[in-house]
There are 2 protein chains.
Amino acid sequence: MVTIKQVAEKANVSTATVSRVINGNYPVSEKVKNKVIETIKELGYRPNSIARSLKCNKTYMVGMVVPDISNNYFMDIARGVESVISPLGYSLIFCSTDENTDKELRLLNALNDKRVDYVLLASSTQEDHKLQKFINQGMNIIMIDTSLENLQTDSVVEDNYNATYKLISYVIDQGHKRIGAVNGLLSVSTAKERYNGFCKALEDHDISLEQSYIVNGAYNRKKSYEEVKLMIQRNMNKLPTVLFAANNDMAEGAMIALKEMNLKIPDDISLVSFGDINLAELIEPRLTIISQNAVLIGQKAGELMLKKVSGNSENNITKVTIPSEIIIRNSVKSI
Amino acid sequence: MVTIKQVAEKANVSTATVSRVINGNYPVSEKVKNKVIETIKELGYRPNSIARSLKCNKTYMVGMVVPDISNNYFMDIARGVESVISPLGYSLIFCSTDENTDKELRLLNALNDKRVDYVLLASSTQEDHKLQKFINQGMNIIMIDTSLENLQTDSVVEDNYNATYKLISYVIDQGHKRIGAVNGLLSVSTAKERYNGFCKALEDHDISLEQSYIVNGAYNRKKSYEEVKLMIQRNMNKLPTVLFAANNDMAEGAMIALKEMNLKIPDDISLVSFGDINLAELIEPRLTIISQNAVLIGQKAGELMLKKVSGNSENNITKVTIPSEIIIRNSVKSI
DNA sequence: GTGAAAGCGCTAACAA
DNA sequence: TTGTTAGCGCTTTCAC
């Protein structure tokens with residue numbers, strides 16, 4: 001690999017001058033500049049980012065930590081982020097925690113060692129003090145999707161509570177009284193907020209919460225599939241009339257379970273979901289859902305990061321909440 | 001951020017000694033070692049990877065360049081790679097080219113500047129000489145999914161030609177004679193190979209190739225949707241009896257188009273695909289496909305990379321071909 | 001407008 | 001077994 005020194009020697013200038021030409025931050029005479037540029041081309045020289053990073057304390061790398069790399073929702077967020085930051089020369093390092101707190105912490109350490117400029121974190125831990133440590137060490141973190149109450153940091157999240165409240169209220173308006181839920185990991189803020197919105201909607205409409213209808217799908221398609229099956233089996237004599245899945249993966253798991261048990265949606269049981277399933281266009285019935293704008297979340301997070309690193313922002317904490325809207329299709333029966 | 005120097009001062013040793021303790025590559029007395037370890041903990045010291053990288057010429061970063069970050073197929077490959085390399089301390093940098101040669105080249109340059117240890121490249125360009133330049137510069141590249149004939153580099157690919165040949169032969173055995181195809185970008189090796197297998201199967205069974213049934217879906221769901229619609233419209237009086245989609249995305253696009261035009265699979269038209277669609281469990285009819293093992297491709301690529309960087313491999317070029325199998329379900333009508 | 005030189009944080013000869 | 005030191009490739013201050 002050719003270095004700045006080689007360029008300098010060949011062009012008969014100092015390394016400082018070459019550096020100035022590359023960065024264009026100090027005056028260089030036209031003549032010298034041209035010569036240097038020519039030499040750079042001739043030698044095919046490209047500056048070593050590692051050396052630059054060491055010197056300038058800036059890596060142009062952003063760590064993105066999510067619970068599940070195979071969930072389209074997070075991939076969409078990633079695309080949103082990438083579209084915003086990549087034009088400014090930033091690269092994304094992707095990490096998947098598999099919803100494991102230890103792994104999450106290990107990954108954050110690794111990213112810290114790598115001196116990434118920023119971390120976008122969809123956390124699945126509730127150990128805010130451990131995250132706080134990273135922040136205290138000077139790590140820049142923006143929480144995405146999830147947030148932790150006691151954590152002093154920027155975040156871009158959805159309006160989980162209100163959106164769920166509205167969706168469940170709609171379901172109740174359709175006459176449903178036996179309402180089940182497939183929850184995500186309640187240790188994660190999104191799952192908790194969604195469930196809270198769910199419960200509040202029931203309460204406000206004087207519908208009783210039937211514990212036997214509530215299952216823990218752990219934000220996991222397979223788990224949801226299994227738990228929904230068990231739930232249906234144990235409630236065969238009195239099934240819920242509608243099910244709320246707290247995310248897309250779990251909605252898919254639930255659909256597969258219902259299909260296997262020959263329960264038709266919405267005739268035998270209705271289903272609604274927070275977030276849209278894959279290939280929604282092809283699957284009957286079309287699900288009534290809360291539509292998430294994952295790409296937008298990514299973009300907002302990217303923009304926020306850019307603003308922060310450019311210093312064009314007051315030092316206060318920014319909390320962005322993306323509104324979600326309900327899309328009514330035909331998976332809820334009117335009773 | 002605390003540095004090795006601060007640790008050394010506080011522990012009353014030289015930075016060299018601290019380095020030795022961290023890396024455990026040279027003898028250090030128990031006493032000194034313990035003291036250093038203690039100081040490291042006390043100060044919360046963590047080595048700066050950037051500085052290490054500069055010194056050691058090793059970044060523990062792997063660039064992964066794919067045409068489309070939102071396609072599950074590539075995400076699965078990524079998961080496979082990650083599962084293999086992450087335990088050894090490597091991180092993945094993800095890049096999406098959007099099937100754009102310029103962007104691909106730009107990304108490769110950026111990764112080169114970042115001195116990533118390896119690049120896993122699913123290329124969508126055919127400019128092998130430009131890629132060759134990177135290799136000549138000393139960049140380590142493993143081609144995944146795609147490959148370029150004239151390029152001297154390792155690769156992990158599928159058996160596109162033979163798998164397609166078998167699938168189309170099966171379709172012909174079911175009595176089909178009017179056979180259409182939704183091709184990927186024929187500039188990409190996978191698309192070309194699949195189409196070649198397609199053509200050869202027709203030829204060997206004396207079936208004529210009807211150009212009007214062949215469309216270019218550009219490996220793109222939307223394009224496939226549009227092109228299939230047009231193709232159906234212009235062949236209304238004599239439709240193909242079966243369609244072959246060269247990847248999952250395009251199969252989805254084709255399904256949506258057929259559904260919109262009220263053509264039932266397989267009654268009105270049969271459909272087969274290279275690679276499985278999303279949420280296959282829920283979609284009727286179940287598609288007859290060539291099953292791809294994307295995670296396995298990723299793992300193989302990861303393992304190959306690890307072997308190469310450890311030097312435990314002869315310097316020759318390794319070409320891994322993953323066999324694909326046909327999964328017969330019920331999207332092909334027997335005629 | 002240009003060059004010399006220090007230094008970012010680390011590792012690895014070499015010396016002791 | 002330990003310390004001294006050079007140097008990885010770059011940027012930037014300071015002098016000229």
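Order of the sequence lines sets the chain letters (A, B, ...), proteins ahead of strands, with each chain counted from 1.
Rounded to 10°, the angle separating the first-five-pair axis and the last-five-pair axis of the helix from dG1(C)-dC16(D) to dA16(C)-dT1(D) equals 50°.
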Legend entry - Nucleotide-resolved protein contact map, nucleotides 2-7 of chain C, B/S/- at heavy-atom distance under 4.0 Å: BBB--B
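Checked for salt-bridge contact, Lys319(B) and Asp154(B) miss the test: no charged N lies under 4.0 Å from a carboxylate O.
For the side-chain hydrogen bond (donor to acceptor under 3.5 Å, both in side chains) test, residues two or more places apart in sequence or in another chain that qualify with Ser19(B) are Asn23(B). Take Glu9(A) and apply the side-chain hydrogen bond (donor to acceptor under 3.5 Å, both in side chains) test, not counting sequence neighbours, and it matches no residue.
Residue pairs meeting the ring pair (Phe, Tyr, Trp, His ring centres under 6.0 Å) criterion with at least one partner in residues 102-131 of chain B, sequence neighbours excluded, do not occur; the list is empty. Within the structure, every pair that satisfies the salt bridge (charged side-chain N to carboxylate O under 4.0 Å, His left out) test and touches residues 43-64 of chain B, not counting sequence neighbours, is listed here: Asp113(A)-Arg46(B), Lys58(B)-Asp117(B). Listed by first then second residue, pairs satisfying salt bridge (charged side-chain N to carboxylate O under 4.0 Å, His left out) with a partner in residues 12-21 of chain A number zero, not counting sequence neighbours. Residues in residues 128-138 of chain B take part in these salt bridge (charged side-chain N to carboxylate O under 4.0 Å, His left out) pairs, two or more places apart or across chains: Glu127(B)-Lys130(B). Residue pairs meeting the ring pair (Phe, Tyr, Trp, His ring centres under 6.0 Å) criterion with at least one member in residues 37-86 of chain B, sequence neighbours excluded, are Tyr60(B)-Tyr90(B).
Of the residues in residues 46-54 of chain A, those with a non-hydrogen atom less than 4.0 angstrom from any atom of DNA chain C are Leu54(A).
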Taking distance alone, no hydrogens or angles, what donor-acceptor pairs closer than 3.5 Å link side-chain atoms of residues 104-112 of chain B to residues at least two apart or in another chain?
from: Glu104(B); atom 1: OE1; to: Ser124(B); atom 2: N; distance (Å): 3.0
from: Glu104(B); atom 1: OE2; to: Ser123(B); atom 2: OG; distance (Å): 2.5
from: Asn112(B); atom 1: ND2; to: Gln137(B); atom 2: OE1; distance (Å): 2.9

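Read 5' to 3', the first and last nucleotides of DNA chain D with an atom closer than 4.0 Å to a heavy atom of chain B are dT1(D) to dG9(D).
The OH-C1' distance, from Tyr45(B) to dG9(C), rounds to 7 Å in whole Å.
With hydrogens and angles left out, the side-chain atoms of Asn34(A) and Glu38(A) include no donor and acceptor closer than 3.5 Å.
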